[in-house]
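Just so it is clear, the model here is predicted, and its values are computed rather than measured. Atom set for the values below is all heavy atoms of this structure, side chains included, hydrogens, waters and symmetry mates excluded.
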Amino acid sequence: MTAGVLAIDAGQTGIKVRVREHDIVFPGIRTGEPLLPQLAAVTRAAIERTGAEVSVVSAGVSGLTTRESDAAALLARIDDAAVHEVILAHDSTTSFLGALGDTRGAVVAAGTGVVTLAVGASRVARVDGWGYLMGDAGSGYWIGREALDAVMREYDGRGPTTALRAVAEERWPDLSQAYIDLQSDPERVSVVASFAAHVARLATEGDAVSQNITVRAGGELAHSVETALGRVRSDEGEQFAACAIGGVFRSPLLREAFASHIAASEFDVTLVEPLGHGIDGAAALAGLAPQHPLAHAVSVAHT
């Protein structure tokens with residue numbers, strides 16, 4: 001990483017900061033509060049804790065909106081005379097740079113939510129990442145929501161039996177009241193997403209419903225990759241790399257389904273392991289060439 005760069009990988013479960021040889025983790029973004037004051041506070045805290053002299057702050061942020069993507073406003077809030085440049089980007093950009101670097105291809109990052117980013121010779125395409133209410137197909141939340149739907153279908157007699165019912169009854173012994181408890185739970189998104197781990201486990205144990213959910217999730221994630229590549233492809237013979245990162249890909253059956261869909265697609269795609277992580281991509285923002293296809297997706301401010 002360039003000397004004097006403080007890199008930030010900001011998500012809802014944690015904010016990772018790297019400055020010189022120091023890696024620090026702060027509590028995650030509080031989505032109900034303004035973003036930029038939180039990033040500024042983390043920056044100042046990291047500088048104070050490490051004593052490092054920082055001239056550039058580069059940040060990849062989960063769920064960054066157009067309104068919040070204001071590097072100049074963040075630079076002003078940091079209010080440190082030594083910091084003369086701030087670079088701000090959506091975490092799909094930094095996930096891509098961390099995983100694939102300068103390679104053309106697509107990165108799908110799937111945890112509680114999911115977003116896919118593809119980069120071609122001259123175009124960039126983002127697919128999904130629209131949140132649990134409107135999108136995030138194949139994500140941990142999506143898998144958990146499908147699991148709970150299956151549980152209630154069995155409960156009503158509308159669907160097949162599934163071992164997922166016993167898991168749900170451990171949390172809600174009276175399933176007829178589960179929806180009330182869930183809707184009133186402020187942590188309901190993470191509660192729903194937590195069922196994804198049970199789906200993965202039960203799929204390996206032979207539960208047919210869990211297997212079906214897992215295979216469909218892999219197909220959804222592959223479809224997002226194929227869609228994104230289709231939007232950036234310049235010609236039919238173009239070769240791409242694809243990288244799948246995030247917790248849902250720990251499921252062997254999901255990875256197998258994902259890889260099978262990719263292999264059967266019309267694209268010349270090679271699945272590869274990630275070169276690094278989101279924090280590596282945040283650090284790479286500082287060296288991103290102005291002509292790089294991703295440069296237009298980055299907000300930059302100088303003193």
Side-chain angles (χ1 to χ4, degrees), residues 1 5-18 23-31 33-36 38-40 42-43 46 56-71 74 86-103 105-119 124-132 134-141 189-190 193 221 224-225 228 242-249 274-288 292-300:
M1 185 169 71
V5 175
L6 184 147
I8 301 173
D9 179 25
Q12 295 181 39
T13 57
I15 300 175
K16 302 172 186 175
V17 177
R18 178 175 296 168
D23 280 354
I24 309 169
V25 178
F26 292 89
I29 297 169
R30 300 180 296 280
T31 55
E33 300 177 19
L35 171 66
L36 298 186
Q38 297 179 64
L39 295 179
V42 164
T43 299
V56 178
V57 174
S58 60
V61 185
S62 174
L64 185 69
T65 65
T66 302
R67 176 177 55 82
E68 295 166 326
S69 187
D70 188 342
L74 179 55
V86 165
I87 310 166
L88 195 54
H90 190 273
D91 70 337
S92 60
T93 297
T94 49
S95 290
F96 186 97
L97 290 172
L100 288 183
D102 286 335
T103 305
V107 173
V108 52
T112 297
V114 62
V115 65
T116 299
L117 190 73
V119 176
V124 175
R126 173 182 161 186
V127 170
D128 212 339
W130 307 129
Y132 71 96
M134 297 175 65
D136 287 353
S139 68
Y141 180 89
V189 173
S190 60
L221 295 168
S224 290
V225 168
C243 191
I245 60 177
V248 302
F249 288 104
L275 298 173
H277 303 283
I279 190 68
D280 301 299
L285 283 177
L288 193 65
H292 194 284
L294 284 171
H296 80 281
V298 176
S299 175
V300 182

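In this view, Phe249 and Phe258 satisfy the ring-ring contact (aromatic ring centres under 6.0 Å, His included) rule, not counting sequence neighbours. In terms of the side chain to side chain donor-acceptor pair (under 3.5 Å) criterion, residue partners of Arg30 (sequence neighbours excluded) are, by chain and number, Glu33. Residues meeting the salt bridge (Lys or Arg N to Asp or Glu O under 4.0 Å) test with Asp280, sequence neighbours left out: Arg18. Not counting sequence neighbours, Thr93 has no partner by the side chain to side chain donor-acceptor pair (under 3.5 Å) test. Partners of Thr66 according to the side chain to side chain donor-acceptor pair (under 3.5 Å) rule, which considers only residues two or more places apart in sequence or in another chain, do not exist here. With sequence neighbours left out, the side-chain contact (heavy atoms from CB on, under 4.5 Å) criterion links Ala118 to Ala106, Ala228, Leu229, Val232.
Few gaps surround CG on Asp23; more than 12 heavy atoms of other groups in view lie less than 6.0 Å from it. Heavy-atom neighbours of His277 NE2 from other residues, nucleotides or ligands within 6.0 Å: at or below the threshold of 12.
For the pair Asp91 (side chain) and Gly60 (backbone), a donor-acceptor distance under 3.5 Å is absent. Remark: side-chain polar atoms of Ser58 are paired, donor with acceptor, to backbone N or O of Ala282 under 3.5 angstrom.
Rounding to the nearest 0.5 angstrom, the gap separating the CG atom in Leu221 from the OG1 atom in Thr116 is 7.0 Å. Put simply, CG on Leu100 and SG on Cys243 are 5.5 Å apart, with the number rounded to the nearest 0.5 Å. Interatomic distance, OG1 of Thr112 versus CG of Asp136, reported as 9.0 Å (0.5 Å rounding). Rounding to the nearest 0.5 Å places OG of Ser139 at 8.0 Å from CG of Asp128.
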From CA spacing to verdict: side-chain contact (heavy atoms from CB on, under 4.5 Å), His296, Val124: CA-CA 9 Å; His296 80 281; Val124 175; 4.0 Å; yes
